[in-house]
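The structure appears right after this line, and notes come after that.
Here, residue 1 is the first one in the sequence, and each next residue gets the next number.
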Amino acid sequence: MSRDGQSLHGEGRKGTVLEVTNHTQSVEKEEKLEETSIGLASPAFAHSNGPEHGEDERTHHGDLEALNTVQTNSPPYSVFSKRQKTFIVFLAAWAGFFSPLSANIYFPALTTLAREFNVSSTLLNLTVTSYMIFQGIAPTIFGDLADMAGRRPAYAIGFIIYMGANIGLALQNSYAALFILRCLQATGSSATIALGNGVVADIATSSERGIWMGYATSGPMIAPALAPVIGGLLAQFLGWRSIFWFLAIMVGVYMIPFCIAFPETARNVVGNGSIPPQSYNMSLINYLELRKSRRPGNELSQTISIQERRDAQTELAKNRKLRFPNPLGTLRVVMQKDTGLLLFYNSLVYTAFYDVVASAPYLFQEIYHFNDLQIGLAFIPFGIGALIAPIASGRLMDWNYRRVAAASNFVIDRKRGDDLKGFPLERARLSVVVPFIIIGTSAVLCYGWTLEAETSLAAPLVMHFLIGLFLTGAFNCMSVMLIDYYPMSPSTATAANNLVRCLMGAAGTGIINIMVEAMGRGWCFTFVAAVVAATSPILWVLLKWGPRWREERRMRIEAEYNGSG
C-alpha cells in the first residue's frame with residue numbers, strides 16, 4: 001500500500017475479481033485488491049502496447065480506428081451486462097440531477113423571497129453562494145466514504161440529509177432558517193455528482209468511459225438550465241414553498257428504484273461486480289438473489305461456492321479498513337502538478353458557465369421585464385445545449401481515444417481495461433477540449449454585447465444554447481480526463497473537482513452582478529471570456545509535460561509501495 005493509496009496495477013487488473021458467468025467454469029483467485037484511496041491511471045505493472053503472445057487481434061479492414069481485441073483468461077473489468085450498466089448509469093445520472101437542480105430551481109423566485117423575508121437581493125444571493133461553498137466541501141467527505149465503504153451507503157446518507165433539509169425549507173419562515181437549511185440541502189445532495197462519476201469508473205474501461213460518463217453527467221449538466229424552468233412554473237402557480245416540496249417528493253420517488261435494484265459497484269467492495277457486498281449494502285434484488293443461491297438445492301449449480309465468496313469478501317475487507325472519511329485525500333489530488341492545473345482551468349470554465357446562468361434572471365428582468373415564469377422559460381435553450389453536450393462530447397472522446405490508440409499502435413482491451421502507461425492520454429482528451437473552449441468563450445463574449453445592445457431576445461438565447469453546449473462539453477471532457485488519472489478512487493477525484501470548481505464558482509456568482517453594474521454588461525462578459533482565454537495555455541502545458549508528470553507519479557508510488565513491502 002502506497003502512502004497516497006494509489007493503485008499500481010492496470011485498470012483491468014485492479015480488485016479481487018471473480019468472474020461469475022454461465023460460460024465461466026473456473027474461478028480466478030490470483031488477483032488481489034490493492035487498498036486504494038487514490039487510484040492511478042499509469043500502473044506499475046504494465047502490459048505491452050503491442051499484441052501479446054497468444055492474442056487474437058482482429059482489425060476491421062480499412063478502418064483506422066478499429067479496436068485490437070486482446071483475448072486472455074483474465075476476468076473481465078466488469079461482470080455487469082450492457083443492460084445493467086445502462087440502468088446503473090441512468091440512476092446515477094438521475095441522482096446527479098438533484099444537486100444542481102436544487103442550486104438553481106429557486107432562481108426565478110429570488111425576488112419573491114427577498115420580499116417575503118424583507119431582505120436585499122444581495123443578501124438573498126448569499127444563499128446561492130453558501131450553497132455552492134457546501135456543494136464543494138461536502139463531497140470531500142462523501143467521496144472518501146464512497147471509495148472506502150461503497151457507493152450505496154454514501155448515496156443513502158446523502159439523500160436522508162437532503163430530504164430532511166427540503167422538508168425544513170418548505171416549512172421555515174425566516175431568512176436565517178433559509179440560509180442554514182440551504183447549506184444542509186447542499187451537503188446532502190452535492191455528493192451525487194462525485195458518486196456518479198465513481199460509478200462509471202467502476203463499470204467502464206477508459207476506452208468506453210467517454211460515452212458512459214456523458215450519459216452519467218447529462219443529469220448534472222442539464223439541471224442548471226432546466227431548474228429555473230421548473231422553479232418558475234412552481235413559484236408562479238403554487239408559491240415558492242412548492243419548490244421544496246417538489247424536491248422532497250422527487251427524491252422520495254428516486255429512492256424506490258434505488259433501494260430495490262441499484263447494486264453496489266465500488267471495486268474495493270464488490271471487485272468487478274461478482275462478489276456480494278456487505279449485507280447492509282445490498283439492494284433488495286441482490287438480497288433476494290443471494291438468499292436463493294444459499295438454498296441447499298441451488299448450491300451445486302453455482303460456479304463458485306458460498307465459502308469461496310466468503311473468502312473473497314474477507315480478502316476485500318482485509319484491505320478495506322473502515323474509518324472516518326478523510327478529506328485530505330481530496331487535497332492530495334489538488335496538490336498534484338497535472339491534476340492541480342487541470343482542476344484550476346476546469347473551474348474557470350465552470351465559473352464562466354455559471355456566471356451566465358446566475359446573472360440571467362437579474363439581467364432578463366432588467367432588460368426584458370420578465371416575470372418568474374418567463375425567466376424560467378428563457379433557460380430552455382440553455383437546457384437543450386447542456387443536454388446535447390455530454391452525449392456529443394462523450395462520443396467524440398471515445399472516437400478520439402480510438403484514433404489516438406490506432407496512431408500509437410496501442411492495443412485497446414475493452415473487456416479488461418487498458419493499461420495507460422505510455423498511452424498519450426492527454427492528447428486523446430485535450431484535443432477534443434480545445435474547439436469546445438474556442439466556441440464557448442466566443443459565445444460568452446458575444447453574449448455580453450448582445451445584452452449591452454439590448455437586442456432582440458433571440459440573440460442572447462442563441463448564445464445561451466452555444467454556451468450550454470460548448471462550455472458544458474469542455475467541462476465534461478476535462479472531468480473524464482480526471483477520472484482517467486484516478487480510476488480506482490474516482491469519487492475522491494471528482495470531489496476534488498467539485499471542491500475547486502464550486503469554491504471558484506461561488507466567488508464568481510457572488511460578484512457577477514456587482515461586476516455587471518460596475519463594468520457594464522458587454523465589458524463584464526468580455527472580461528469573463530478573456531480570463532478563460534488567457535489561461536488556456538494550461539492545456540498546452542498539460543499536453544507537453546502531463547505525460548512526464550504522470551509517469552513520475554507512477555514511479556514514485558511504485559517506489560513507496562516496494563519500500564513499504
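- A donor-acceptor pair under 3.5 Å links the side-chain atoms of S393 to the main chain of P390, judged by distance alone.
- Note that CZ of F134 is 4.0 Å distant from SG of C183, once rounded to the nearest 0.5 Å.
- Counting only heavy atoms from C-beta outward, the side chains of V532 and V444 never approach each other to under 4.5 Å.
- Scored by the side chain to side chain contact (heavy atoms under 4.5 Å, CB included) test, L503 finds I133, L499 as partners (sequence neighbours excluded).
- Residue-environment remark: CH2 (W523) stays at or below the threshold of 12 foreign heavy atoms within 6.0 Å.
- Between L342 and Y485, the closest side-chain pair of non-hydrogen atoms falls below 4.5 Å.
- Pairs engaging residues 528-540 under the side chain to side chain donor-acceptor pair (under 3.5 Å) rule: Y345-S536 [sequence neighbours left out].
- Annotation for S190 and S99: closest pair CA-OG, 3.5 Å, computed over non-hydrogen atoms.
- Under the rule for a side chain to side chain donor-acceptor pair (under 3.5 Å), T192 has no partner lying at least two apart in sequence or in another chain.
- Taking S359 as the reference, L363, I512, N513, F525 meet the side chain to side chain contact (heavy atoms under 4.5 Å, CB included) condition, with sequence neighbours excluded.
- With sequence neighbours excluded, no residue forms a side chain to side chain donor-acceptor pair (under 3.5 Å) with T339.
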Going through the distances and angles, do F470 and S442 end up as a side chain to side chain contact (heavy atoms under 4.5 Å, CB included)?
CA-CA 10 Å; F470 291 102; S442 299; over 6 Å; no

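- Across all their heavy atoms, L542 and E426 have their closest contact at O-CG, 3.6 Å.
- When all heavy atoms of G196 and Y155 are compared, the pair lying nearest together is N-OH, 3.4 Å.
- Between F382 and H464, the ring planes lie tilted relative to each other; the angle falls in the 30° to 60° range.
- Partners of Y215 by ring-ring contact (aromatic ring centres under 6.0 Å, His included), not counting sequence neighbours, listed by chain and number: W212.
- Judged by distance alone, with hydrogens and angles left aside, the side-chain atoms of T140 form no donor-acceptor pair with the main-chain N or O of G136 at under 3.5 Å.
- With R151 contributing its side chain and E264 its backbone, the two residues share no donor-acceptor pair below 3.5 Å.
- Contacts of D338 classified as side chain to side chain donor-acceptor pair (under 3.5 Å), with partners at least two apart in sequence or in another chain: R553.
- Here the closest non-hydrogen pair linking S408 and R427 is OG-NH2, 3.7 Å.
- For CZ of F465, the number of neighbouring non-hydrogen atoms (other residues, nucleotides, ligands) closer than 6.0 Å is greater than 12.
- The CH2 atom of W549 sits 5.5 Å away from atom CG of L341, with the distance rounded to the nearest 0.5 Å.
- Within the model, atoms CG of N497 and CG of L482 stand 5.5 Å from one another, a figure rounded to the nearest 0.5 Å.
- Between the CG atom of L430 and the CE atom of M397 there is a distance of 11.0 Å, given to the nearest 0.5 Å.
- The aromatic rings of F423 and F410 lie tilted to each other, with the angle between the two planes from 30° to 60°.
- Taking 4.5 Å as the limit, some side-chain heavy atom of F262 sits within range of a side-chain heavy atom of V199.
- Among residues two or more places apart in sequence or in another chain, the side chain to side chain contact (heavy atoms under 4.5 Å, CB included) test is passed with A392 by I388.
- With sequence neighbours left out, S431 forms a side chain to side chain donor-acceptor pair (under 3.5 Å) with N400.
- Going from atom CD of Q336 over to atom CG of L343 covers 10.5 Å, rounded to the nearest 0.5 Å.
- Remark: Y350 pairs with M132, Q135, Y354, F475, R501 by the side chain to side chain contact (heavy atoms under 4.5 Å, CB included) rule, at least two apart or across chains.
- Under the 4.5 Å side-chain criterion, counting only non-hydrogen atoms from C-beta, M504 is in contact with F344.
- Nearest heavy atom pair, residue A389 against residue G473, reads CB-N, 3.7 Å.
- R548 pairs by the salt bridge (charged side-chain N to carboxylate O under 4.0 Å, His left out) definition with E552, not counting sequence neighbours.
- A heavy-atom distance below 4.5 Å is found between the side chains of P153 and N281.
- Annotation: the span from M463 atom CE to W449 atom CH2 amounts to 15.0 Å, rounded to 0.5 Å.
- R267 places a side-chain N or O within donor-acceptor distance of the main-chain N or O of Y77, the cut-off being under 3.5 Å.
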Side-chain donor/acceptor pairs under 3.5 Å, residues 84-97, sequence neighbours excluded:
unit_1 : atom_1 : unit_2 : atom_2 : d
Q84    : OE1    : S81    : N      : 2.8
Q84    : OE1    : S81    : OG     : 3.4
K85    : NZ     : I203   : O      : 3.2
T86    : OG1    : K82    : O      : 2.8

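- Here the shortest heavy-atom pairing between A201 and I483 reads CB-CG2, 3.7 Å.
- Checking side-chain atoms of D398 against main-chain N and O of I211 turns up a donor-acceptor pair under 3.5 Å.
- None of I439, V434, V433 except one satisfies the side-chain contact (heavy atoms from CB on, under 4.5 Å) rule with I437; the exception is V433.
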